[in-house]
Amino acid sequence: MSRWDELTGGMSGQDYAARFAALARSGEDVHGEARFCTALVPAGARVLDAGCGTGRVMIRLAELGYDCVGVDLDASMLAVAREQAPHLPWFQADLAGFEPSGLGIAADFDLVVAAGNIFPLLAAGTEAAVTGRLAAALRPGGLLVAGFGLDAAHLPVPPGITLPEYDGHCAAAGLTLVGRFATWDADPYDGGGYAVSVHRR
């Protein structure tokens, strides 16, 4: 069981969506992740939203002209995504065993984005496998972007992965670090409790 399942029981889709809808109504910018991605690859690029949840990031990218695929294990989150954007491709799959060909999609993504604390919320011990699966879904030269918390102040669960550990998994999967930031607004990383990392295959 993933840390996310332990935290939510796999029933948090509607509550999660309502929280971000309220933030948007209050004037908060809820599209930082999508905007960050648009600075890395041009419109029309193929994007895999790994751990897509309710689809907030992917729906925005699709609106901006990106060719998107969403994958998540949480059925309650995917139900919201499918309700909001039934025309987009949403798949239920465990990232630790993710095989694009098994879903009838090509493993030639220009960008894989893992937002929303995906790596700290994985099942313990699967982080390397997930990194490898996501790297394998990229075309040569493609980018893996992951943003996640590193301390208790930035996570709903105890910290589960460090940056050196994550970088090690990426290196083992044939990925090279090309950028690291403190926020999805691309602020320079200063050693704080949240990091957005960009690796290239």
Side-chain angles (χ1 to χ4, degrees), residues 1-5 10 13 33-34 36-38 40-148 161 166-178 197-201:
M1 180 179 290
S2 72
R3 297 183 183 96
W4 174 255
D5 285 334
E33 299 99 327
F36 185 95
C37 292
T38 65
L40 297 175
V41 291
R46 294 197 72 225
V47 177
L48 173 66
D49 190 348
C52 61
T54 59
R56 175 177 53 87
V57 176
M58 177 168 142
I59 291 170
R60 179 59 175 165
L61 286 171
E63 290 171 348
L64 296 172
Y66 290 82
D67 179 10
C68 300
V69 173
V71 176
D72 203 286
L73 187 57
D74 189 322
S76 74
M77 302 284 270
L78 285 172
V80 174
R82 289 171 175 144
E83 179 180 343
Q84 293 182 341
H87 59 290
L88 295 178
W90 309 101
F91 295 95
Q92 185 173 11
D94 186 342
L95 293 177
F98 175 57
E99 284 283 0
S101 61
L103 302 176
I105 55 179
D108 63 352
F109 289 95
D110 299 294
L111 177 73
V112 173
V113 57
N117 284 320
I118 298 303
F119 278 91
L121 292 170
L122 294 171
T126 65
E127 297 88 354
V130 170
T131 307
R133 295 286 184 170
L134 298 184
L138 288 167
R139 63 164 179 80
L143 299 171
L144 170 61
V145 180
F148 52 85
I161 186 170
Y166 177 64
D167 287 342
H169 298 326
C170 287
L175 302 173
T176 302
L177 180 68
V178 295
S197 304
V198 183
H199 287 77
R200 186 183 305 277
R201 180 179 176 189

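This structure is a prediction, so every number in the text was calculated from the model and none was measured.
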How long is the straight-line distance from [atom2] of [Y] back to [atom1] of [X], given to the nearest 0.5 Å?
| X | Y | atom1 | atom2 | result |
| --- | --- | --- | --- | --- |
| Asp94 | Arg133 | CG | CZ | 9.5 Å |
| Asp49 | Phe91 | CG | CZ | 13.0 Å |
| Ile59 | Leu64 | CD1 | CG | 12.0 Å |
| Met77 | Gln92 | CE | CD | 12.5 Å |
| Ile161 | His169 | CD1 | NE2 | 4.5 Å |
| Asp67 | Leu111 | CG | CG | 12.0 Å |

So, the side chain of [X] versus the backbone of [Y]: is there a donor-acceptor pair under 3.5 Å, distance only?
| X | Y | value |
| --- | --- | --- |
| Asp110 | Arg46 | yes |
| Tyr66 | Val41 | yes |
| Arg200 | Gly141 | yes |
| Glu63 | Leu61 | no |
| Trp90 | Cys52 | no |

Shortest non-hydrogen contact from [X] toward [Y]:
| X | Y | value |
| --- | --- | --- |
| Leu144 | Leu134 | CD1-CD1, 4.1 Å |
| Met58 | Cys68 | CG-CB, 3.4 Å |
| Ala81 | Gly53 | CB-O, 3.8 Å |
| Ala50 | Val112 | CB-CG1, 4.0 Å |
| Thr126 | Ala96 | CB-CB, 4.2 Å |
| Ala173 | Gly132 | CB-CA, 3.9 Å |

With a 4.5 Å heavy-atom cut-off, do Leu103 and Phe98 have their side chains touching?
-> yes
message = A side-chain contact here means heavy atoms from C-beta on lying under 4.5 Å apart; do Val47 and Val57 qualify?
response = no
Check the angle between the aromatic planes of Tyr166 and Phe148 and answer parallel, tilted or perpendicular using the 30° and 60° thresholds.
perpendicular
**Message:** Quick one, Glu33 with Arg60, criterion salt bridge (charged side-chain N to carboxylate O under 4.0 Å, His left out). Give me CA distance, side-chain angles, the key distance, then yes/no.
**Reply:** CA-CA 9 Å; Glu33 299 99 327; Arg60 179 59 175 165; over 6 Å; no
- prompt: Does the pair Val69 and Phe109 meet the rule for a side-chain contact (heavy atoms from CB on, under 4.5 Å), with working shown?
  reply: CA-CA 9 Å; Val69 173; Phe109 289 95; 4.0 Å; yes
